[in-house]
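Worksheet: the structure to be examined is printed underneath.
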Amino acid sequence: MTTLLHEMTDRASLARYPDPYYVTRQASSYDRASVQPGDASWFANWDRSQFLRTDSVQGRREFVLLDADGPGAVVRFWVTVADYGGQGVLRFYFDHDTVPAIEGEVLGLISGGVLAEAPLSASVSPLTPYLQRGHDLYVPLPYARHCKVTYESPSIVEPGMNSRECFYYNINYRTYEPGTRVRTFSRIDWEAGRQALADAGRALLTTPADEGRVLAQPMRCLNEGGQVLRLDGAGALTRLTVRLQADSLEQALRSTVLRLEFDGQETAWVPVGDFFGTGNRLKPYRTFFTEVDSDTTLTCYWVMPWRDSCVVRVENVRHDPVQASVEACVSPWRWDGRSMYFGAGWTQYGDLHTRREPTGHFDVNFVELAGQGVYVGDALTLFNPVADWWGEGDEKVYVDGEAFPSHFGTGTEDYYGYAWCMHPPFDHPFIAQPDGSGDTQPGHVANVRFRSLDGIPFQRSLRFDMEVWHWASTRMDYAPTTFWYMLPGGTSNRADNVKEAAAPVARHKNDLVSCTPDSTGTVEGEFMDIRLTGGTEKSQSIEAMNWSNGAQFFWTGATAGNRAELGFRVDKGGWYDLAIHLTKAPDYGWFDVSLNGKPLARSKDLFSPRLKTERWQVGKVYLRKGMNRLVFMQLLKNPNSTNNLLGVDRIVIQPSTP
């Protein structure tokens with residue numbers, strides 16, 4: 001355990017090819033109906049309470065999460081639980097022992113500090129209720145011959161989709177080459193290793209001091225040739241800092257690009273904001289490998305070695321003025337046969353159409369690597385234009401040509417260490433959500449996951465795919481950045497992508513989805529420019545309703561006097577026939593409705609004993625060129641209604657005469 005803790009906190013260890021070699025795999029509660037890529041079930045989504053089998057142990061019903069031969073080590077454990085009764089017991093059995101070496105209430109063991117203090121045992125985000133968090137354990141648990149992990153809970157009626165309690169888990173574990181000497185975790189070693197655990201926790205939270213030469217290029221305009229640092233002779237970057245100044249920092253974070261070249265080979269071409277994990281919004285946060293400050297100082301602590309030469313470039317791919325400074329700490333490095341080059345790749349799937357046919361969901365590629373190396377993390381930046389959850393999809397990692405991924409997850413937010421689509425920001429040495437404002441509302445999202453002990457070695461190839469599984473049919477910008485180390489000769493499918501990096505960043509939902517009538521005169525309710533004085537905006541989908549685009553604008557949590565303004569644009573002012581497609585239901589409300597300040601209806605009652613839609617033919621209205629605003633003001637609800645909800649499927653406008 002102590003050896004692995006030292007490896008975890010030694011950034012330089014990632015830059016050397018593993019010796020002894022190990023493979024990293026994942027055990028998870030992914031839906032077992034996902035069997036074959038291309039089948040309709042490949043995107044099956046009952047990713048909870050799925051286990052390898054059920055064992056009967058001294059009258060107990062123990063669900064088996066992991067059953068792995070050694071020598072090996074569990075190096076990361078994530079869980080979250082819904083409808084939790086508080087009686088779940090986790091057990092670790094090592095080397096075929098019938099008595100568990102570790103046993104206890106599951107959340108206490110994983111995030112409650114039973115095995116170690118934070119950050120080795122932690123839950124995120126601390127701004128969300130405890131049971132709505134992801135729970136993460138980074139204490140390494142080695143075993144010489146075998147490891148079995150089980151879970152017992154009376155709240156699980158039966159495994160799989162019919163379980164009352166929903167238990168989600170991801171376990172990352174190493175398997176070493178046969179013959180590797182591993183000392184199995186024991187309580188005696190754990191007691192003796194308490195100081196090592198505390199030291200590791202402090203190291204993960206401590207910014208490293210520079211130990212080497214510091215080289216710098218002062219702030220200058222990038223339109224005058226960019227910033228370049230050239231370094232000769234063997235060495236390693238141990239700190240790289242970039243500072244930016246621009247009228248539009250959001251755009252500059254995307255269109256200012258970091259390029260890294262080692263020994264004549266360019267191994268990284270990534271927009272600065274994406275490389276440092278903040279995306280195209282400046283959001284201060286800190287991990288073991290990155291740090292972003294509110295003064296636009298962006299720093300990384302990846303160890304990046306080279307044999308003969310290194311070139312660092314910062315360039316602007318747009319005409320907008322951007323100023324940047326670059327600073328690096330260079331430390332000695334003895335290059336040998338295990339030394340690997342650092343690499344990073346980026347792409348953007350711009351204007352990505354979600355819920356595409358035939359399945360409604362699909363995989364996108366984060367990266368493909370060829371050669372020998374270790375995959376060490378990724379950052380995901382996106383803009384979500386609707387008020388619905390974007391990240392239901394699972395990661396799938398294929399190592400050395402696997403037909404079925406050895407890493408198959410349970411949801412994008414689970415992969416990044418949190419849970420339940422929660423938007424509050426958090427940071428941790430290995431995971432972070434610098435910005436979650438667009439998780440279930442229109443907005444920007446930045447998620448980060450870095451790997452240390454859970455890095456994924458490969459001997460020939462690695463492919464990382466992620467499901468795009470959005471709850472709404474919409475269009476989004478979706479940009480993954482990936483990080484790796486490879487021995488000389490390794491290649492990736494990532495190269496420069498100037499077109500996407502230079503594209504204007506999305507700042508508003510209508511940069512991606514239109515609130516202007518289409519060829520039929522339709523404006524989708526969920527795509528309108530929505531402004532609320534109270535309550536919450538949602539994009540709601542109910543298949544049986546046959547709403548246009550499969551969704552409606554849905555207003556919840558409002559009270560009498562609150563207003564919902566639904567903005568839409570027309571290219572030409574004049575008279576139009578207006579129809580509003582509304583939803584009526586037993587829990588819908590009463591509203592005054594106006595357009596551009598002129599009343600359309602008093603006390604519009606949307607109560608109905610059953611759920612249905614209504615086409616309200618408003619009639620002739622005058623629309624001004626540009627933005628028009630349809631306003632619904634909450635009134636006291638119909639006495640027969642159980643709530644005061646509002647649903648707008650779409651509006652339809654057609655040119656008319658006065």
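Throughout, numbering of the chain's residues begins at 1 and tracks the sequence. All values reported here derive from a predicted model rather than from experimental measurement.
- A salt bridge links E537 with K509: the distance from a Lys NZ or Arg NE/NH1/NH2 to an Asp or Glu carboxylate oxygen falls below 4.0 Å.
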Step by step, work out the salt bridge (Lys or Arg N to Asp or Glu O under 4.0 Å) result for D189 and R187. CA-CA 5 Å; D189 283 350; R187 186 172 185 86; over 6 Å; no
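- For the pair R449 and Y415, the cation sits on the ring face: its NZ or CZ lies under 6.0 Å from the ring centre, inside 45° of the axis.
- Summarising the local packing, CD of E117 is surrounded by 12 or fewer heavy atoms from other residues, nucleotides or ligands at distances under 6.0 Å.
- Listed by chain and number, the residues in a salt bridge (charged side-chain N to carboxylate O under 4.0 Å, His left out) with K396 are D363, E467 (sequence neighbours excluded).
- Every side chain to side chain contact (heavy atoms under 4.5 Å, CB included) that E7 has, sequence neighbours left out, goes to L4, S13, Y22, R174, L453.
- A donor-acceptor contact shorter than 3.5 Å is absent between the side chain of E291 and the backbone of T287.
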Derivation of the side-chain hydrogen bond (donor to acceptor under 3.5 Å, both in side chains) call for D274 and T381: CA-CA 7 Å; D274 297 84; T381 301; 3.1 Å; yes
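- W389 contributes atom CH2, which lies 11.5 Å from atom CH2 of W471 (distance to the nearest 0.5 angstrom).
- With sequence neighbours excluded, the residues forming a salt bridge (charged side-chain N to carboxylate O under 4.0 Å, His left out) with R53 are D55, D67, listed by chain and number.
- Every residue meeting the side chain to side chain contact (heavy atoms under 4.5 Å, CB included) condition with R11, not counting sequence neighbours, appears here in chain and number order: P208, F288, F289, Y301, V303.
- Shown here are the side chain to side chain contact (heavy atoms under 4.5 Å, CB included) partners of A200, two or more places apart in sequence or in another chain: L5, T9, L120.
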I'd like to know whether Y93 forms a side-chain hydrogen bond (donor to acceptor under 3.5 Å, both in side chains) with E62, so could you lay out the CA-CA distance, the side-chain angles of the two residues, the decisive distance to 0.1 Å, and finally the verdict. CA-CA 12 Å; Y93 299 87; E62 296 188 20; 3.0 Å; yes
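- Side-chain polar atoms of H135 and S111 form a donor-acceptor pair below 3.5 angstrom.
- Contact check on K538 versus D388 returns no salt bridge, with no Lys/Arg side-chain nitrogen under 4.0 Å from an Asp/Glu carboxylate oxygen.
- Counted within 6.0 Å of NE2 on H361, heavy atoms from surrounding residues, nucleotides or ligands total more than 12; the atom is thus considered enclosed.
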As a quick check of understanding, evaluate side-chain hydrogen bond (donor to acceptor under 3.5 Å, both in side chains) for N365 and N493, giving each step before the final call. CA-CA 10 Å; N365 180 246; N493 67 338; 2.9 Å; yes
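- Here the side chain of S34 pairs a donor or acceptor atom with the backbone of S41 at under 3.5 angstrom.
- Under the ring-ring contact (aromatic ring centres under 6.0 Å, His included) rule, W42 has a single partner from F404, F362, Y30, which is F404.
- With W390 as the partner, the side-chain contact (heavy atoms from CB on, under 4.5 Å) test is satisfied by one option alone out of T440, T354, L382: L382.
- In this structure, the side chain of T150 does not engage the main chain of V64 through any donor-acceptor pair within 3.5 Å.
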Does the side chain to side chain contact (heavy atoms under 4.5 Å, CB included) test come out yes or no for V149 and L90, once each step is laid out? CA-CA 7 Å; V149 181; L90 195 66; 3.9 Å; yes
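- Taking the centre of each ring, Y375 and F464 come in below the 6.0 Å mark.
- Qualifying side chain to side chain contact (heavy atoms under 4.5 Å, CB included) partners for T175, counting only residues two or more places apart in sequence or in other chains: V23, R25, Y173.
- W346 and N497 form no side-chain donor-acceptor contact under 3.5 Å, judged by distance and modelled atom types alone.
- Using bins of under 30°, 30° to 60° and over 60° for the plane-to-plane angle, the ring pair F275/F342 lands in the perpendicular bin.
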